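Structure first, commentary second.
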Amino acid sequence: MPVDILIGAQWGDEGKGRFTDLLAADMAIVGRYSGGDNAGHTVTIGTEIFKLHLIPSGIIHEGVVCLIGGGTVVNPAVLLREMAGLAERGISVSPDRLKLSRKAHLITPAHIALDKAKEAARGESAIGTTLRGIGPAYTDKAARVGLRAGLLADPEGLAEAIFAHVEAHNQTLTQIYGVDPLDPTAVAADFASYAQQLAPHLVDEAVLLHEALAQGQPILAEGAQGTLLDLDHGTYPFVTSSHPTAAGALVGLGIGPRHVGRVIGVAKVFTSRVGSGPFPCELTGETAVRLRGTGENPWDEYGTTTGRPRRVGWLDLVVLHHAVRVNSLTELVLTKLDVLSGLEEIPVCVAYEMDGQTTTYLPPDQAQLSRCRPVYETLPGWAEDVTQARALAELPANARRYIEFISETLQTPVSYVSVGPARNQVVTVRNDL
Ligand code: IMP
């Protein structure tokens with residue numbers, strides 16, 4: 001069963017990029033299946049830091065074909081910038097390596113203008129989106145008026161569609177939100193140029209993936225965002241507009257469940273979230289600064305895409321249990337264990353107390369979630385530096401106990417733990433999964 005799925009088990013930013021990078025070495029194809037350039041994946045290789053938004057992190061491995069799948073929304077200007085940045089650093093993004101599904105939807109300046117206008121109009125109840133036009137692009141898709149990437153191979157059809165699209169959205173922008181209209185001719189001209197550059201990358205993903213499956217080639221579905229940002233299974237309405245969960249990988253790439261092998265959930269050993277919405281384990285003050293970092297290091301808790309400081313809190317096992325269930329996780333990968341070194345004690349949220357009742361299920365409604373108080377179990381910390389450990393036995397006993405506690409509570413094996421930002425700073429817990 002050659003399709004493995006790697007997903008975020010929390011609110012995104014779990015450190016998926018570096019594990020895609022690690023697993024990609026053995027893959028024939030790595031495919032992004034949802035979201036757009038709202039994602040930000042940081043991969044550190046030696047002294048080089050790669051920040052990727054749309055292109056799968058597998059691109060860094062020469063032999064891997066990377067696919068931007070049909071479930072994604074793609075801003076062509078951003079994609080071309082990212083391609084140029086990689087090419088400058090000697091990484092090939094030629095059409096035989098980087099493929100764009102004809103089914104992916106295009107993000108236009110009208111979507112970005114709408115995202116900004118809608119967020120501004122929401123005022124206090126703003127979602128805190130990345131303002132990349134993600135929601136409006138998926139809205140158009142669901143309303144069946146979206147622009148699919150396949151249009152990039154049809155210059156006349158594209159010009160016509162862009163013109164109609166901008167004119168239609170200009171009405172909303174000017175009449176509902178009172179903001180300036182966009183110039184359809186200028187947008188169409190830009191898209192004509194993007195089309196010329198991107199048309200050679202277009203692919204029918206069904207042919208690419210199903211021929212690979214028929215040949216038994218290994219495929220990795222690379223998640224963006226995280227389970228708690230899923231449109232259906234996340235903390236609605238403070239979610240993104242796509243499906244970062246495992247089921248989203250199947251829809252987003254056009255693959256059935258029979259082909260799925262491992263479903264790997266990546267989770268930080270504490271919790272972070274950007275944007276608005278309830279966050280039961282949220283910390284403020286000194287401990288928050290301690291977990292977040294100052295922002296000086298690229299791996300500190302500041303958004304890769306927006307630069308916003310992330311909200312942080314202790315590890316929330318209610319959230320992770322939800323992720324285990326809705327994704328059928330076969331295993332967990334834990335990241336940033338090194339950040340916890342030096343803490344005397346580490347609280348872990350094992351349940352919520354809501355209206356006098358204790359629950360280990362994530363409540364489906366925001367009103368309920370905002371009434372939840374974390375029930376903590378406190379584990380002993382460790383003083384030692386863990387950054388040089390590569391095997392479980394090389395970790396301090398209390399760090400091992402922390403990992404075992406997570407694994408046992410969630411009844412899910414842990415396969416890897418990262419102990420620093422470098423590519424090799426990974427403890428292999430189990431490699432038999
Ligand atoms: P949107 O995806 O830009 O519409 O934003 C919706 C919500 O998802 C906001 O709270 C964003 O901060 C959050 N979000 C979107 N992409 C990411 C990501 O890659 N990491 C973490 N949060 C994200």
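Along the sequence shown, residues carry numbers from 1. For clarity, every value in this text was computed on a predicted model and none was experimentally measured.
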Quiz item: Can a salt bridge be assigned to the pair Lys16 and Glu222 using a cut-off of 4.0 Å between side-chain N and carboxylate O?
Solution: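 Not counted as a salt bridge, because no side-chain N and carboxylate O are separated by less than 4.0 Å.
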Quiz prompt | Presence of salt bridge, Glu119 and Lys116, under 4.0 angstrom | solution =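 Judged by the 4.0 Å cut-off on N to carboxylate O distance, Lys116 and Glu119 do not form a salt bridge.
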Just so I know, are the side chains of [X] and [Y] near enough to count as touching, which here means a heavy-atom distance under 4.5 Å?
X: Arg292; Y: Asp300; value: no
X: Arg273; Y: Glu282; value: no
X: Val333; Y: Leu6; value: no
X: Asn398; Y: Leu379; value: no
X: Ser418; Y: Phe19; value: yes

Which pair of heavy atoms, one from [X] and one from [Y], lies closest together, and at what distance?
X: Leu54; Y: Glu82; result: N-OE2, 3.1 Å
X: Ala117; Y: Leu173; result: CB-CD2, 4.4 Å
X: Tyr33; Y: Ile7; result: OH-CG2, 3.0 Å
X: Tyr352; Y: Asp316; result: OH-OD2, 2.5 Å

Name all residues meeting the side chain to side chain donor-acceptor pair (under 3.5 Å) criterion together with [X]; count only those two or more places apart in sequence or in a different chain, and write none if there are none.
X: Asp385; result: Thr387
X: Gln217; result: Gln215
X: Arg144; result: none

Self-check item: Positive for salt bridge (charged side-chain N to carboxylate O under 4.0 Å, His left out) with Glu301, one of Lys336, Arg290, Arg308
Solution: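 So, applying the salt bridge (charged side-chain N to carboxylate O under 4.0 Å, His left out) to Glu301 and each of Lys336, Arg290, Arg308, only Lys336 qualifies.
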Exercise. Answer yes if the side chains of Thr287 and Trp314 hold a donor-acceptor pair under 3.5 Å, and no otherwise.
Key: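 Absent: no donor and acceptor within the cut-off.
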Quiz prompt | Any donor-acceptor N or O pair under 3.5 Å, side chains Ser34, Gln225 | solution =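 Their side chains do not contain a donor-acceptor pair, so the 3.5 Å distance test is not met.
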List the atom pairs, donor and acceptor, that lie under 3.5 Å between side-chain atoms in residues 338-349 and the rest of the protein, sequence neighbours left out.
| unit_1 | atom_1 | unit_2 | atom_2 | d |
| --- | --- | --- | --- | --- |
| Asp338 | OD1 | Gly420 | N | 3.4 |
| Ser341 | OG | Trp382 | NE1 | 2.9 |
| Ser341 | OG | Glu384 | O | 3.2 |

Self-check item: Other residues, nucleotides, ligands: >12 heavy atoms within 6.0 Å of Arg401 CZ
Solution: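 No.
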Self-check item: Residues, nucleotides or ligands: over 12 heavy atoms within 6.0 Å of Tyr236 OH
Solution: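 Incorrect, the count does not exceed 12.
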Quiz prompt | Test applied, side-chain hydrogen bond (donor to acceptor under 3.5 Å, both in side chains); reference residue, Asp115; option that passes from Asn38, Thr129, Thr130 | solution =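 Single pass found, and it is Thr129.
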Quiz prompt | Inter- and intrachain pairs under ring pair (Phe, Tyr, Trp, His ring centres under 6.0 Å), touching residues 109-128, at least two apart | solution =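 Residue pairs with at least one partner in residues 109-128: His111-His165, His111-His169.
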Could you list the donor-acceptor pairs under 3.5 angstrom formed by side chains in residues 242-251, with sequence neighbours left out?
| unit_1 | atom_1 | unit_2 | atom_2 | d |
| --- | --- | --- | --- | --- |
| His243 | ND1 | Asp230 | OD1 | 3.3 |
| His243 | ND1 | Asp230 | OD2 | 3.4 |
| Thr245 | OG1 | Asp230 | OD2 | 2.6 |

Exercise. Please work out whether the ring planes of His259 and His210 are parallel, tilted or perpendicular, with thresholds of 30° and 60°.
Key: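 Geometry flag for His210 against His259: perpendicular rings.
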Exercise. Enter the distance from Leu209:CG to Ile219:CD1 here, rounded to the nearest 0.5 Å.
Key: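 One finds 5.0 Å between CG of Leu209 and CD1 of Ile219.
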Quiz item: Just one of Ile112, Thr72, Asp140 clears the side chain to side chain contact (heavy atoms under 4.5 Å, CB included) bar with Ile107, so which one?
Solution: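 Going through the options one by one, the only one that passes is Ile112.
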Practice problem: Would you check if the side chain of His233 reaches a backbone N or O of Asn327 as a donor-acceptor pair within less than 3.5 Å? | Solution: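 No; judged by distance alone, with no hydrogens or angles, the pair does not exist.
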Quiz item: Is it true that Tyr402 and Phe405 have ring centroids separated by less than 6.0 Å?
Solution: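 No - the distance between ring centres of Tyr402 and Phe405 does not fall below the 6.0 Å cut-off.
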